[in-house]
J.: 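Here it is: the structure, laid out below.
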Amino acid sequence: MQIELTSLDATRRLGVALGCALPERAIVLCPGEMGSGKTTLIKSICEGLGVRRETVISPTYMLVNIYRGLRPVYHVDLFRLSRVEELLEMDRCDWINSEGPTLIEWPEIAMPLLAGETALTAHMSLVTGADNHRMLALAGDAEAFQAVFTTLDGATPAPARKPVGTPGGLRDKLQRH
Amino acid sequence: MNTLGLAIDTTFDDTSVAILRGRREVLANLTLSQFADHAEFGGVVPERASRKHLQVIHPLMERALAEAGIGFSSLDWVAVSNQPGLLGSILVGMTVAKSLAYLLRLPLIGINHIEAHPYANFLVHGELPFPLMHLVAAGGHTLLIHQEHHFQWKIVGRSVDDAAGECVDKVAKMFGHPFPGGPVVDKLALAHEPAPHRFPRPMLNGPGLDFSFSGLKTAMLYFRRDNDLGGSGGFQEGPVIAAFFEAVTDVLITKTLRAAEKYGVAAVTVSGGLAASIKLRHGFEAACENAGMTLYYPPPALCTDNAAMVACLAAYRHEAGRHDTLELDGRANLVG
Amino acid sequence: MTPSPISVLAIDTTSEFLSLAVRAGDRPAASRYLLCGNGTSRVLFREIDALLAEVGIAPAGLELLLVAVGPGSFTGTRIGMAAAATFAQVTGRPLIGVDTLHLLAAQSFSNDGSRVHAVLNCVRDEVYHAPYVWRDGQLEAEAPIALSTIPELAAAVGDTPVVLRRFPPAPPEWDDDLARLKRAELRSSHPDGLLLLEAGIARFRSNRAGPFPRPEPIYLKSEAFRKWSPAAP
């Protein structure tokens with residue numbers, strides 16, 4: 001499902017709706033470049049999960065932030081990891097929530113460990129030419145995330161448009177330095 | 001009352017042990033940084049940090065006691081940072097502190113690491129006049145704290161997305177510099193006149209005291225992508241970084257002074273890792289002189305995480321009889 | 001000649017259960033075993049204190065510290081090790097570590113010459129296991145710890161009885177395969193602190209002169225695993 005988000009406010013409203021519709025222990029993967037609107041989306045998803053918006057901050061340093069919502073919410077950021085082995089060294093319960101949803105930024109490195117999981121991918125990308133104009137691509141098991149897709153079906157369907165950059169492109173660029 | 005206390009801080013990537021006599025006589029303040037270990041990852045991996053803490057904490061205590069010239073039996077209290085930070089790491093320091101308190105029958109004092117940062121100033125400047133406005137710019141936090149007295153404090157402003165230090169680290173990385181980026185950025189900002197390009201000062205004109213640095217980071221990303229640095233006629237890295245850091249310091253200084261005014265406070269303190277920046281310090285000195293405010297700044301060694309600041313706050317807590325039980329819990333998130 | 005009894009505290013926090021045992025001189029040993037999940041750090045000292053009071057000994061009277069070094073929960077293992085190492089540092093007494101697979105094997109009856117295979121799941125689709133044999137009331141490891149899939153395990157174990165421990169969440173698809181393994185008869189239904197006491201004191205007695213190397217936690221998923229093999233008893 002592709003959803004066009006033409007303003008910050010649209011991203012907010014969509015994020016809140018998405019958060020409300022998430023299954024209890026959903027894993028949500030949030031790829032997307034720096035500046036693609038992940039912060040706004042995740043803050044809003046958390047809001048939909050009953051977390052105070054202002055408590056949602058970047059987990060880049062901590063790797064995992066745990067927020068108190070209707071259920072505990074794990075906000076994970078794997079930006080700083082360079083090898084999957086680093087994740088293997090952690091207890092899985094330290095980064096995958098067993099009592100509520102888990103939202104993962106920069107999830108690419110964790111993919112081998114999430115192979116068997118039912119996850120929703122929420123990929124934000126920039127649309128050329130306008131500020132705060134974003135494209136959200138949602139993909140996931142239709143049955144497991146039925147509530148999400150049904151809820152968001154009312155959102156404006158977006159025409160196909162070329163997003164700027166490719167997922168992970170920036171990361172590669174940064175790591176070459 | 002010259003009590004002897006031992007404080008432990010393992011909230012993040014540094015293992016630190018300090019021994020304090022009275023309120024501010026530091027007999028030992030030893031910190032083992034894990035940056036060397038983590039450099040290849042661009043920061044701390046929590047599980048690795050926890051392992052390292054367990055590996056080094058006991059030898060480090062041994063050295064601290066030797067440096068202070070005392071034994072365990074001379075101690076009057078034990079303190080430990082129990083929040084906020086990496087829970088697995090906190091648990092190592094906390095278990096060691098609890099074991100000491102239990103075995104030696106000493107009072108245990110659990111310390112909020114963030115509340116302790118400004119006490120680096122009490123260590124070196126003596127009693128500070130309350131009320132105070134503290135800017136704490138440390139690791140993942142950028143906070144404005146209004147303190148009316150010891151133990152009476154409130155967070156009145158905070159980063160709503162990326163902290164200032166995080167923004168600096170990430171932008172430094174964009175320009176190819178190793179983690180942590182603070183020292184490099186500070187050096188470039190000192191050496192160069194800022195480029196004429198004016199980068200955004202997020203939330204500077206808003207009424208609130210909260211910070212947002214995510215937008216500035218994004219602006220730098222686009223700038224980096226769209227401009228050829230170092231090419232003929234293009235931008236030079238030094239001036240661009242200087243202009244970027246000017247935006248960061250502008251926001252931090254302006255908001256801190258605005259908060260001080262709003263709460264009718266005549267003295268501000270700056271602490272946390274970013275406070276080690278000379279450029280930021282110069283900016284604060286000029287702005288505070290201008291505004292007629294008193295400024296307190298710790299020496300660079302006490303800006304980054306250290307157990308001496310934890311010990312200093314703990315000494316006040318001990319005097320006030322504010323102790324904790326051995327059932328003290330660790331907390332990852334900042335509450336306040 | 002029976003060696004003179006000593007006062008010993010044993011701490012095992014490698015799982016969601018806290019397991020403690022203490023022996024004070026020639027008095028009978030006492031132990032505790034309680035589920036505390038993530039709350040180990042909160043209850044640890046209350047429980048140690050109650051146990052020491054029960055056998056009538058002060059912490060300063062302890063002569064030997066024993067600790068389970070994993071494999072198990074990383075954070076949990078560190079709590080027990082941090083406490084035990086601090087006790088040893090303050091009292092100046094020796095500290096000896098015993099690994100979890102050894103303690104698992106020790107749950108079986110100590111019939112001379114009998115073999116047992118200790119098996120421990122980790123949260124991925126593999127198990128850690130090692131074969132042991134009882135000789136003169138002592139467990140001896142017959143091979144280093146191995147990391148295997150369930151079919152590989154079945155081949156390695158053959159008809160040797162196993163002692164199995166599963167940490168949650170264990171994949172349910174293993175149930176059938178694991179049910180086919182022959183189970184050892186157990187003298188203790190869980191990794192009792194008393195077994196740690198027994199194993200640790202045996203190691204202490206076999207190396208009276210010391211020195212005792214500082215026990216290191218076993219993080220099985222790390223590089224260290226490949227270099228590590230169980231210490232000879």
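Note on naming: letters A, B, ... go to the chains in the order of the sequence lines (proteins, then strands), and numbering restarts at 1 for each one.
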J.: So, using side-chain hydrogen bond (donor to acceptor under 3.5 Å, both in side chains) as the criterion, who are the partners of A:T55 when residues are at least two apart?
T.: none
J.: Return all side-chain donor-acceptor pairs below 3.5 angstrom for residues 212-221 of chain B, not counting sequence neighbours, or 'none' if the list is empty.
T.:
from   : atom 1 : to     : atom 2 : distance (Å)
B:S212 : OG     : B:D161 : OD2    : 2.8
B:K217 : NZ     : B:D162 : OD2    : 2.7
B:T218 : OG1    : B:S214 : O      : 3.0

J.: Atom CZ of A:F79 and atom CD of B:E166: how far apart are they, to the nearest 0.5 Å?
T.: 9.5 Å
J.: Between A:V64 and chain B, which part of the residue has a heavy atom less than 4.5 Å away: side chain, backbone, both or neither?
T.: neither
J.: Are more than 12 heavy atoms from other residues, nucleotides or ligands located less than 6.0 Å from atom CD of A:Q146?
T.: no
J.: Check the pair A:I57, B:R158 against side chain to side chain contact (heavy atoms under 4.5 Å, CB included), reporting the backbone distance first and the verdict last.
T.: CA-CA 10 Å; A:I57 56 172; B:R158 64 204 308 165; over 6 Å; no
J.: Where do A:M62 and B:L86 come nearest, in terms of heavy atoms and distance?
T.: O-CD2, 3.6 Å
J.: Supply the atom-to-atom distance A:I66 CD1 to B:L87 CG, rounded to the nearest 0.5 angstrom.
T.: 7.0 Å
J.: Which value, rounded to the nearest 0.5 Å, describes the distance between A:M34 atom CE and B:K170 atom NZ?
T.: 5.5 Å
